[in-house]
Amino acid sequence: MKQRVFALVDVNNCYVSCERVFDPKLHQRPVVVLSNNDGCVVSRSKEAKALGIKMAVPLFQIQHLIRQHHVAVLSSNYALYAEMSRRFMNILADFVGPNEQEIYSIDECFLELTDHQHRENLSSYARQILKTVQTWLGLPCCIGIGYSKTQAKMANHLAKTHAAFDGVCNMVDEDPCVIEGLLAHTDVGEVWGVGRKLQKRLEQMQICSVMDLVEADDKRLGQHFSVMLENTVRELRGISCIELEHQVPDKQHIISSRSFGQPVKDLQNLSEALTQFTQRAVERLYAQRLLCKSIGVSIRTNRFQDAEYFHSYTIVHLRDYTDNLLEINKAVQYGLKCIFKVGHSYKKAGITLLDVIPRQQYVPDLFFDAQSTIKNQKLLDILIQINKEHGKDRIVLAPLTNKQPRPWKMNQAHKSPSYLTQWADVLRVQ
DNA sequence: TCTGGGGTCCTAGGACCC
DNA sequence: TCTGGGGTCCTAGGACCC
């Protein structure tokens, strides 16, 4: 049997790179992109990293650096990144077969190259991929190649951190001594599946570098920790244990939650916010042809103010599986009334659609109302279509038509235009 | 003053059954 | 004082990922 070969392709500093495609002024200078509500840094250019700006650091903690070094600061523009991601994945799909691609995240993609080993040189094939993405899309990437997904991930990390690789690290063809030398100097925490807690516990056992983990007793680690870590060690040795998932699995739950721009004290505003989150979640549920049977509702104050921290959560069960927006929102509002307590300054709220199944798996019971289900489907179809054509939130549920100021709306002070998803924002060439 | 959001998987422990 | 054993299912919470 042929030994399997995997690649991991990812976009360098993805969100910053997407912004740079449309705004040349962002090149050669430090740039950061912020999380929702302009809270934390989630993407940094290499110049921003060089200034010591860490991942996930709150914006207010680096204001001095931003002023001093004229760092460009941008709010997240997820519509833009999602569209760039779609194009990126399409380019990669052209290089491999339909069952040889796994879209792992917005900026990462595994490719199975097992049937491409006949190629004279996998590294030059990888370079061809990089060049195509760069030319067609303007996005810089790195590629790691290995005998397992974990090896490919590790190779990708090496490609990113060692300039000599020039974007492609091929663990399959590279001199093993070179790779082992690098892994001996790479922290065990860089391994896919080893997070902060696990790293600490491994270090207590003198397993500090990736090479230490490769040489560790996998069975013993399996008993001491979990089967996942045992598999990780085997994968690092080049034994493929984790399958490529070329089909996107159905979601098990759908979350929609947000921090508020300003704290909210009253039920009316919480109700409006949750109505909007519900609409977002149900649109996703509907798009994926799923149904849900229960809904989690949660509200919380600022978790960084420990003394007054308050959070509350409840689950509302529905009579039957549904994707009916009105029915689901009714349940959410009921849940909210159950958990709401006067006197708190709420900073975040959210809903989770639970007990989710694919629509075609649903078996109607005696009380199933086909007429109203079809009516609801038509209603949602139209609602989604209109919002798609005439702008997000053109049609909303009644509580959201209130024109009062919305303290719960998230801060987005530095958002770039919707270059790829709104006609009015398409770039003009003078 | 200001600290993201959306997921998955595994494990432990309790309830329940025969 | 002493109180079976083995199995399944469910849930909450932790850890991890991007």
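Values in this document were obtained by computation on a predicted structure and should not be read as measured data. Basis for what follows: all heavy atoms, side chains included, without hydrogens, waters or symmetry-related copies.
Contacts of A:Arg201 with the nucleic acid, taken as non-hydrogen atoms under 4.0 Å apart, are absent. Backbone-only engagement by A:Gln252 is indicated by non-hydrogen atom pairs under 4.0 Å involving sugar-phosphate atoms exclusively. Using a 4.0 Å heavy-atom cutoff across all strands shown, A:Lys347 reaches sugar-phosphate atoms only and no base atom. Among the protein residues, A:Asp38 comes within range of no part of the nucleic acid, since none of its heavy atoms lies under 4.0 Å from any strand. Among the heavy atoms of the strands lying under 4.0 Å from A:Val191 are primed sugar atoms or P, OP1, OP2 only; no base atom is included. Nucleic acid contact for A:Val194: sugar-phosphate only, since backbone atoms but no base atoms lie under 4.0 Å from a heavy atom of the residue. Residue-level contact check: A:Leu59 touches neither bases nor backbone, having no heavy atom under 4.0 Å from any strand. Looking at heavy-atom distances under 4.0 Å, A:Ile106 makes no contact with the nucleic acid at all. In this structure, A:Ser256 reaches the sugar-phosphate backbone alone: every heavy-atom distance under 4.0 Å involves primed, P, OP1 or OP2 atoms, never a base. Looking at heavy-atom distances under 4.0 Å, A:Asn37 makes no contact with the nucleic acid at all. Nucleic acid contact class of A:Leu34 (heavy atoms, under 4.0 Å, all strands): none.
The shortest side-chain heavy-atom distance between A:Thr275 and A:Glu272 does not fall under the 4.5 Å cut-off.
Judged purely by distance below 3.5 Å, without hydrogens or angles, the side chains of A:Thr114 and A:Glu100 never pair a donor atom with an acceptor atom.
Taking a pair to require two hydrogen-bonding distances under 3.5 Å in either a Watson-Crick or a G-U wobble arrangement, B:dA12 pairs with C:dT11.
Contacts between chain A and DNA chain C, taken as any atom within less than 4.0 angstrom of a protein heavy atom, begin and end at C:dA15 to C:dC18.
Residue whose closest nucleotide on DNA chain B sits further toward the 5' end, between A:Tyr15 and A:Glu245: A:Tyr15. Between A:Met410 and A:His253, the residue anchored nearer the 5' end of DNA chain B, judged by the nucleotide with its closest heavy atom, is A:Met410.
For the pair A:Arg300 and A:Tyr313, the cation does not sit on the ring face, since its NZ or CZ is not both under 6.0 Å from the ring centre and inside 45° of the axis.
Paired with A:Leu113 under the rule side chain to side chain contact (heavy atoms under 4.5 Å, CB included), one option of A:Val172, A:Val96, A:Asn170 passes, and it is A:Val96. Just one residue in the list A:Gln412, A:Lys409, A:Lys347, A:Arg258 forms a side chain to side chain contact (heavy atoms under 4.5 Å, CB included) with A:Asn37, and that residue is A:Lys347. For the side chain to side chain contact (heavy atoms under 4.5 Å, CB included) test with A:Leu74, the passing option among A:Asp38, A:Val16, A:Asp23, A:Leu26 is A:Leu26; the others fail.
The separation of B:dC17 from C:dG4, taken at their C1' atoms, amounts to 14 Å, rounded to a whole angstrom.
Between A:Lys200 and A:Glu203 no salt bridge is recorded (no basic side-chain N to carboxylate O distance below 4.0 Å).
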